[in-house]
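See structure below.
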Amino acid sequence: MGLRISVDTGGTFTDVVAGGDGREVVGKAPTTPDRIFVGMQGALENAAEQLGLSLPELLGETDLLIYGTTRSTNAIVQGAVAKTAFLVTAGFPDILVLKEGGKHGVHDFETDYPDPYIPQAHTFEIDERIDSEGGVVAPLDREQARAALGLVKERGFEAVAVCLLWAVANSAHEQALAALIEEVLPGVPYTLSHRLIPIVREYRRASATAIDASLKPLMQAHLQGMEDDLREAGCRGEILVSTSVGGCMHVDELVERPIHTVKSGPAMAPVAALAYSQMEGFGDDVIVCDTGGTTFDVSLVRDGAVKQTRETWIGGLWTGHILAISSVDVRSIGAGGGSIAWIDPGGLLRVGPRSAGAVPGPACYGTGGTEPTVTDAALLLGFLDPDYFLGGRLALDIDAARRAVGTLADQLGKSLDDGAHAIMSLANELMIKAIQDITVTEGFNPQECTLVAGGGAAGLGVMAIAGELGCERVILPRTAAVLSACGMQVSDVIHEHSASMVTRSAGFDFEGVNAVLDSIDAELERFAATLGERGLETMRIERFVEARYLFQVWELDVALPVERFENERDVAALIERFHATHEQVFAVRDPDSILECLNWKGRVSVGLDAAARPPSIAGAAGPPEPDSRRPAYFGGGARVDTPIYLGRNLSRGAAIQGPAIIEEPTTTIVVDPGTRTWLSEAGNFILEAC
């Protein structure tokens with residue numbers, strides 16, 4: 001069997017993991033935003049060099065390459081998407097303007113109303129109307145629609161989003177519009193709401209449709225260009241792309257539904273974290289912290305299942321834009337290694353959300369950055385070796401870091417050490433709050449979880465974070481810097497399909513529900529058949545319903561207890577499962593309430609014949625003797641003479657008492673005073689308080 005390569009392109013670094021035949025290496029290079037393949041090529045060449053191969057030889061031996069990216073997420077945040085026309089039912093032009101009407105402060109009249117994802121000037125009303133039962137109230141006016149599309153062509157729109165009222169009940173008018181678009185606007189990509197996300201919530205369906213359409217020109221060129229570059233460089237194996245649901249899909253599938261690439265990289269971190277926790281025998285409840293150069297991402301694994309959500313907002317709850325598709329629940333804050341420290345008008349120290357990114361990068365990179373970052377602070381505290389960053393491939397400029405942090409420390413009236421320590425401490429506090437938001441505030445006790453830390457900056461403050469949360473065990477893999485890329489090594493190909501059909505537990509529509517489940521299964525089997533043609537045949541289908549107590553506002557995802565509903569016992573089993581889920585989430589059940597089911601969903605997972613576990617890097621035999629020593633600052637006014645260990649010289653079972661620093665080529669682990677770590681048999685660092 002050949003190699004399996006996973007590539008994760010982040011805002012600062014591009015990560016590569018190459019594994020197979022007992023060989024596992026990690027490659028890393030700065031991301032190149034202008035042309036992604038340049039940075040990818042640098043990381044691939046770094047991995048190839050470690051294997052004693054040239055880049056063409058590496059790609060020639062590769063059976064499977066999986067690609068994850070933040071390109072679509074960044075495009076949405078930066079507004080760098082295609083000029084998109086939004087076609088709606090006449091009388092409903094404000095769907096994206098009004099959103100769901102919420103805001104954080106109900107009496108806040110100073111904050112400007114958020115802009116819609118697509119401006120109203122780009123919204124076109126189409127004369128037609130279908131009711132909630134699928135009946136045609138007003139037929140589609142084809143001539144008026146043709147005229148509207150003529151304006152779309154005249155004004156140079158690059159994509160079209162179509163979201164007609166009640167298209168989920170009867171899609172005839174959206175399908176007719178698709179035929180007109182292909183006639184009037186040949187070659188212009190478009191998205192139909194009933195095909196992408198057939199759910200009843202109007203704004204959510206419209207938002208997902210608008211986002212998907214606006215991404216098509218960008219992501220089609222990006223994905224197809226990436227595939228062409230890889231083929232030209234010598235890749236002959238299968239190429240997949242990671243998705244927001246924590247799985248993988250083929251390029252041609254994602255070209256048609258690019259919304260599934262949003263947050264595709266971070267979605268893979270919990271997949272890897274669960275594998276690491278199970279590898280160590282630490283259970284199925286995991287908090288996942290991924291500290292990159294730009295953001296700090298938090299996700300959760302509960303009872304062995306990666307936490308999913310339909311509540312992913314890009315740009316802030318209610319004020320941003322909702323994806324509405326199922327995705328891994330990843331909460332992100334601007335507190336990565338490249339996050340900039342600054343002082344607000346009130347004189348308080350802040351960290352993030354602005355980041356130095358890959359260009360110009362932190363001041364210590366010596367590439368033009370002048371503002372102080374978390375990485376600069378870590379270097380000044382003695383946590384990082386300026387001559388061993390990225391395994392010695394990037395020399396850090398400590399004088400530039402002193403100038404950047406020193407200016408801020410002077411403004412705070414602190415010494416250089418205390419100023420750098422304040423930056424690190426504040427970044428840790430932001431990370432702690434992000435973890436509490438996804439655990440404590442949602443009724444999940446972090447003390448009962450294993451914390452898995454990933455990302456290049458993961459090891460700098462993880463023990464301070466774990467101590468505050470009360471987590472007893474921390475796993476920090478030797479490949480922590482490429483956690484998302486490791487997740488791609490153990491992920492499945494996953495595809496979802498959903499359909500809307502409203503029914504209640506009282507008067508349950510057996511025939512209607514089973515017909516919907518038949519249609520969902522048919523779509524899943526169609527998708528699985530395309531994979532069977534490629535030799536991927538290990539298939540698992542799961543079915544869910546979005547349900548709620550009658551008159552509740554929001555639904556919960558509940559796994560179906562049966563494949564089809566035959567009798568009242570099957571309905572009773574579904575009701576009981578919903579009660580249990582509601583009690584788990586909200587600590588209460590209401591057995592006397594009627595259950596209302598809105599949307600039905602199926603998920604097919606196809607296993608890949610590849611790595612059985614995330615890669616670990618073997619350490620050389622020998623006692624854990626320090627390789628060097630240097631003074632490091634942990635607070636308290638004085639530096640501590642700290643032993644430094646090179647990870648490659650540590651054998652399995654090596655135990656190290658803090659204070660200490662362990663240096664790996666792509667990450668650094670700070671063992672704080674009062675803590676200890678050891679290298680497990682699986683090749684992971686296990687940290688705990690003494």
Side-chain angles (χ1 to χ4, degrees), residues 3-19 24-51 55 58-59 62 64-75 218-219 222-223 225-230 232-235 239-242 248 251 261-269 272 290-295 297 332 336-338 355-362 365 367 375 389-391 393-394 454-458 479-489 491 615 664-667:
L3 293 171
R4 179 173 180 175
I5 293 177
S6 50
V7 182
D8 178 34
T9 301
T12 305
F13 284 104
T14 294
D15 303 332
V16 165
V17 173
E24 296 98 9
V25 298
V26 171
K28 208 171 182 73
T31 294
T32 50
D34 292 338
R35 188 179 178 191
I36 291 298
F37 183 71
V38 176
M40 182 191 298
Q41 183 177 12
L44 287 168
E45 288 174 342
N46 177 231
E49 182 182 353
Q50 296 176 59
L51 291 171
L55 179 58
L58 173 73
L59 293 175
T62 299
L64 178 65
L65 187 145
I66 304 175
Y67 174 64
T69 179
T70 59
R71 185 66 176 270
S72 53
T73 308
N74 294 340
L218 170 73
M219 294 308 295
H222 175 75
L223 293 174
M226 178 270 300
E227 185 174 27
D228 291 344
D229 284 339
L230 284 169
E232 186 177 344
C235 183
I239 297 177
L240 301 179
V241 182
S242 66
C248 301
V251 173
T261 65
V262 178
K263 291 198 171 185
S264 69
M268 286 297 179
D290 193 359
T291 314
T294 305
T295 61
D297 301 321
S332 301
S355 171
V359 180
Y365 283 13
T367 52
T375 299
F389 195 70
L390 289 184
R393 290 189 293 121
L394 177 61
T479 52
V482 290
L483 190 65
S484 291
C486 288
M488 299 174 201
Q489 292 279 323
S491 61
E664 292 282 352
T666 57
T667 193

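- To the nearest 0.5 angstrom, S264 atom OG is 6.5 Å from M488 atom CE.
- With contacts defined as side-chain heavy-atom distances shorter than 4.5 Å, the pair S484/D290 qualifies.
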Using side-chain hydrogen bond (donor to acceptor under 3.5 Å, both in side chains), reason through T261 and S72 one step at a time and then give a plain yes or no. CA-CA 7 Å; T261 65; S72 53; 2.9 Å; yes
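- Side-chain atoms of T73 come within 3.5 Å of backbone atoms of K263 as a donor-acceptor pair (strictly under, hydrogens ignored).
- Using modelled atom types, one side-chain atom of S6 and one backbone atom of A485 make a donor-acceptor pair closer than 3.5 Å.
- Here the side chains of T69 and H222 are in contact, with some heavy-atom distance below 4.5 Å.
- T62 OG1 to R4 CZ: the interatomic distance, rounded to the nearest 0.5 Å, is 12.0 Å.
- Note: L44 CG to F37 CZ = 6.5 Å, rounded to the nearest 0.5 Å.
- For A356 against P362, the heavy-atom pair with the smallest separation is CB-N, 3.7 Å.
- With a 4.5 Å cut-off on side-chain heavy atoms, V7 and T14 count as touching.
- Although no hydrogens or angles enter the test, the distance criterion places no donor-acceptor pair under 3.5 Å between the side chain of D8 and the main chain of G265.
- Note that OH of Y67 is 12.0 Å distant from CD of E227, once rounded to the nearest 0.5 Å.
- Pairing each heavy atom of T479 with each of C486, the nearest pair is OG1-SG, 3.5 Å.
- Shortest non-hydrogen contact noted between A481 and D15 is O-OD2, 3.2 Å.
- Residues L65 and L240 fail the side-chain proximity criterion, which asks for heavy atoms closer than 4.5 Å.
- Listed for the K28 side chain is no donor-acceptor partner under 3.5 Å among the backbone atoms of A47.
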Give the intermediate values and the outcome of side chain to side chain contact (heavy atoms under 4.5 Å, CB included) for residues L55 and Q41. CA-CA 8 Å; L55 179 58; Q41 183 177 12; 3.6 Å; yes
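- For the pair T667 (side chain) and G456 (backbone), a donor-acceptor distance under 3.5 Å is present.
- When all heavy atoms are compared, the tightest approach of L483 to G455 is CB-N, 4.4 Å.
- The closest donor-acceptor contact from the side chain of Q50 to the backbone of V26 lies under 3.5 Å.
- Listed by chain and number, the residues in a salt bridge (Lys or Arg N to Asp or Glu O under 4.0 Å) with D228 amount to none (sequence neighbours excluded).
- Rounding to the nearest 0.5 Å places SG of C248 at 4.0 Å from CE of M268.
- Nearest heavy atoms, V16 versus A43: CG2-CB, 3.5 Å.
- Considering CG of L59 and CD1 of I5, their distance stands at 5.5 Å, rounded to 0.5 Å.
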